[in-house]
Structure formats: structure tokens, C-alpha cells
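Reading through the C-alpha cells given below for one structure.
Chain letters run A, B, ... following the sequence lines, proteins first, then strands; residues in each count from 1.
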Number of protein chains: 2
Amino acid sequence: MVGAVLEATVEELARVGFGGLSTEAVATRAGVNKTTVYRRWPTRGELVRAALLEFQARVFEDADTGTLRGDLLELLRGVRVQLGTARGRGVTLALMADDPHVRQLARSTRRVAVESSLTVLDRAARRGELPDDVDRALLLDVLFGPLEQKMVIEGLTVDDAWLERLVDLVLRAVLQPAVTNPARAAPKRRARS
Amino acid sequence: MVGAVLEATVEELARVGFGGLSTEAVATRAGVNKTTVYRRWPTRGELVRAALLEFQARVFEDADTGTLRGDLLELLRGVRVQLGTARGRGVTLALMADDPHVRQLARSTRRVAVESSLTVLDRAARRGELPDDVDRALLLDVLFGPLEQKMVIEGLTVDDAWLERLVDLVLRAVLQPAVTNPARAAPKRRARS
DNA sequence: CAACATCGCAACTTTTTGTTGCGATAATGT
DNA sequence: ACATTATCGCAACAAAAAGTTGCGATGTTG
């Protein structure tokens, strides 16, 4: 019963967002009387908090394909699967609410995800696949940012080819030294031609 | 009067989201009686639609700094300013609602923004700053994705140094030929070491 | 099988949401 | 200047949603 309600909660979160969440709608969707929900979670905030804790983005079982490219693709695919479900999208949208408890949850969730990703980068660095001078936080931003923007903000889906082009683009930037071709590169200073 | 209400609407949208929007709260915030709001915009959807049309992301006056790097930075700074205001964040969040009218608005808004950005890329290509074989859509995804993720999804702000590092990273990827250093580059096929 | 806990259900109160009628005020046109 | 028209605020109302309570049914535990 508890499981059905929390499940219904994230589905409703995906549909109407945190602000529009109605306890009765959750109860109905869960096939349960509203009093049952009210009794166990007196306020909307507690219900949402419980649901988020339950379905908090499962930590990616940081895939180990043997290559940085493969590992990053696996990470992105994991996020894509998450965000492709009503559950995952609901959780993500709910985590954007500016309720204090929720924001704290959001931070901790994100921290776990980032650390999991950094593990992959560490392994790559040990293999010599990743130079030490690359900004790893920025690297993750550039990888996950576009994916989350597409799926969460724009509500679209992406195919595997897009993910590969994304990873290849980013790796091209990271794995090469600074721009050296003066004919193509933009001058760093002195704007206005 | 109309202006105050629409302004209050986007502020409320930023605060509670589309689902949680209350006409009375909007009226109060606008310093207006609720009947005034109800008479002009009978439904919540019409009110939101009007507010979004009014404050729709102003089309960036595509800055022309003379360099691709400078132009991209200006575009990103424009987005940062937009998303840094309650208005801009409210509009963006509202555009994520899955109301059919709203989604249509979202599409058209986004189309305008993308075309404006493509203008910058076209100019750069004519100057010879941008190879013809780069995926321009992906380029924009990789630039705006991380920024929107940080500001909209995570609710953070970014400083100018971050924007510069972002642009430089992306340009490094775009302005250089494919990876050629076999010692560093990950093999394209044959995963699992 | 007795004690306890959990749920559904219906009736209820409270709060929020949306509607209507009317008087005050100000803009518009002749 | 004066009648007409439109717009707003206000209070009173109606309708719907949110939240509460008491109780009987069912099921679980020891």
C-alpha cells in the first residue's frame, strides 16, 4: 500500500508538478482512500519527501566498460533511462521545487550522482585516458547539462547517436591540447576584429 | 493594471509553478481585486498564456563582437541575465508545463532563440571561424544545455569565468580536427579494453 | 480468540476557488 | 458641460477542493 501511494505520488508530480500536487489525486491513482494517505503523511511536504526518498535516483552502478568513452556513454544512458520514465521525470521536476526540505534532498541526491561520475573519471585518469589538467566538474556539466536540458526542460528524448556525438564532441575538447591553429581559432583578446 | 497582473503572474509562476498557480495570489500580488483578474482572463490557462506572450524571452539582440568567442559569450550572458530574474525563471519554468497551449508557445519561443543563435554561427562561418562540418545544433546544445541546467534545474548562478571556460571548452572541441593522438584518445569501437 | 492495528467509507468542517450584483470612479463622445 | 460607457473594487454568494473525524469491517499478532 505504501509503495503504491509513493509510486502514485511521483507519477502525479510528473503530471502536475510540486505546486499542483493534490493528495486526493494521489490517493485515487493509488487505488486508496484519501484518509489513508492523510493519516500516514499529514502534509503534502511529508508525502513528497517520502516519495523522493523512496525513488531517489538510484545510484548508477558505475559501468566499467574499460574505456572512458564507453563509461561516459553508460552514465548518460543511465540518466536517459531515468528521465525517460514518469517516475524519474517526476522526481527530477519535484526536486526543482523551492521547498527547503526538497532542496536539501536535491543537493544530496546530486552530490551522490556527481561522486559516482567522478569515479569513472578517476579510473580513466589512472588508465592515462584523461589528462590531469582538465576541469572535471565542467566536463560533467557539459555532458549532463545538454541531456538534462533536452529531456527535463524541453521534454524531448534523445537517441543513442546523439549521445555518442555528444560524448565525442566533449572528448575531442578534453583530450586535445589548447587551440593552436591560428587560422581557425578565435583570438583570445582584442575583440571587434 | 494589465501589466501589473501579468508581471505578478510570472512572479507567481516562478514561486509555485504552473500547477500551483492561484489566481487570487496573482491578484493580491498585483494589488488588484480578484474579480478584475477573473473578468479579463476567465481561466488560469489564458492568464498564463497572456503573461508568457508578454514576457516571452526577448529575442537576444544578437551581439556582434567580431569574434565567435565574443558573440557566444554575449549570447550566454543574455540567457544568464534572463534566467537570473524572477520573470525569466518563471517564464522558463512555466514553459515546461504540459498544457498544450503552453507547449506550443514553448516551441515557438525556443525556435526564435535557436534561429537567433544560428545567425551568430553563420557570421562566424563567413569569417572562416567555424568549419562547415560542425554540427551546429549540437554546438548550441552543448553551450546552452549546461547553463540552463545550472540555472533552471539546479537553481544556481554562474559567474563570467565559468561562462568563459564553457565557451573555450566547446570551441576547443569544435575548432579542432578529430582526435588523432592514439595514446590519449579512447578507441571508437571495441569497448571492454 | 482476544487485543491491536489498518483501512475504507460516509459525514462533516474548513479553505480555496470562482461568480454575481451593485455602487464608485474615471474615461469617452457629443 | 453632461450623458454614456467601460472598468474597477467590494461584499455577498455558490461551488468545489482540501482536510478531519468517528466508526465498522477486515486482517494480523501473540
Side-chain angles (χ1 to χ4, degrees), chain A residues 1-55 86 90-91 93-103 105, chain B residues 1-55 86 90-91 93-103 105:
Chain A
M1 190 263 111
V2 173
V5 170
L6 298 182
E7 174 86 30
T9 300
V10 287
E11 285 168 3
E12 277 294 293
L13 282 173
R15 202 173 60 84
V16 296
F18 182 83
L21 190 77
S22 134
T23 303
E24 273 201 83
V26 169
T28 302
R29 176 183 284 261
V32 154
N33 196 278
K34 64 174 176 172
T35 50
T36 303
V37 180
Y38 275 121
R39 278 195 271 249
R40 194 176 300 260
W41 304 278
T43 73
R44 212 178 48 175
E46 299 179 48
L47 175 60
V48 170
R49 178 181 164 78
L52 293 186
L53 278 175
E54 178 80 7
F55 294 110
V91 169
L93 290 178
L95 287 176
M96 296 171 57
D98 64 351
D99 179 279
H101 299 279
V102 169
R103 289 210 79 75
L105 252 177
Chain B
M1 191 267 112
V2 173
V5 170
L6 298 183
E7 174 85 32
T9 300
V10 286
E11 285 169 1
E12 278 293 294
L13 282 174
R15 204 173 59 83
V16 296
F18 182 83
L21 190 78
S22 133
T23 305
E24 273 201 84
V26 169
T28 302
R29 177 184 284 260
V32 156
N33 196 281
K34 64 172 178 172
T35 50
T36 304
V37 179
Y38 274 121
R39 278 194 271 250
R40 194 175 299 258
W41 303 279
T43 73
R44 214 177 48 173
E46 297 180 51
L47 174 60
V48 170
R49 178 182 163 80
L52 293 186
L53 278 175
E54 178 81 5
F55 296 109
V91 169
L93 289 178
L95 287 176
M96 295 171 57
D98 64 352
D99 179 280
H101 299 280
V102 169
R103 289 211 78 76
L105 253 176

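- At D:dG19, one or more side-chain N or O atoms of A:Tyr38 fall inside 4.0 Å of OP1 or OP2 (strictly under the cut-off).
- Ranking C:dG8, C:dT6, D:dC8 by closeness to the A:Val32 side chain, first place goes to C:dG8.
- Toward the 5' end of DNA chain D, the nearer of the two residues A:Thr23 and A:Arg39, judged by each one's closest nucleotide, is A:Thr23.
- When heavy atoms are screened at a 4.0 angstrom cut-off, A:Ser22 is found touching the sugar-phosphate backbone but no base atom.
- Distance A:Glu46 CD to D:dA18 P: 18 Å, rounded to the nearest Å.
- B:Thr36 and B:Met1 get closest at one heavy-atom pair: CG2-SD, 3.7 Å.
- Across every non-hydrogen atom of B:Val5 and B:Val26, the tightest pair is O-CG1, 3.7 Å.
- The minimum heavy-atom distance linking B:Leu13 with B:Ala94 is given by the pair CD1-CB, 3.5 Å.
- Between the CD atom of B:Glu24 and the P atom of D:dA18 there is a distance of 15 Å, given to the nearest Å.
- Taking only side-chain atoms of A:Met1, from C-beta outward, the nucleotide of D:dC8, D:dA11, C:dC7 with the closest atom is C:dC7.
- For B:Thr35, the listed nucleotide lying nearest its side chain is C:dT20; candidates were C:dT20, C:dT17, D:dT7.
- Here B:Thr36 reaches the OP1 or OP2 of D:dG9: one of its side-chain N or O atoms lies under 4.0 Å away.
- In this structure, of C:dG8, D:dT7, C:dC7, it is C:dC7 that holds the atom nearest to the side chain of A:Arg40.
- The side chain of B:Arg44 contributes no N or O atom lying less than 4.0 Å from OP1 or OP2 of C:dT17.
- Rounded to a whole Å, the CG atom of A:Leu21 is 17 Å from the C1' atom of C:dT16.
- If you find the closest nucleotide of DNA chain D to B:Gly31 and to B:Lys34, the one lying nearer the 5' end belongs to B:Gly31.
- Put simply, CG on B:Leu47 is 13 Å from P on C:dT17, counting in whole angstrom units.
- By the 4.0 Å N-to-carboxylate-O rule, A:Glu46 lies too far from A:Arg49 to be salt-bridged with it.
- What separates CG of B:Asn33 from P of D:dC10 is a distance of 6 Å, to the nearest Å.
- With hydrogens and angles disregarded, no donor-acceptor distance shorter than 3.5 Å links the side chain of A:Arg29 to the backbone of A:Glu7.
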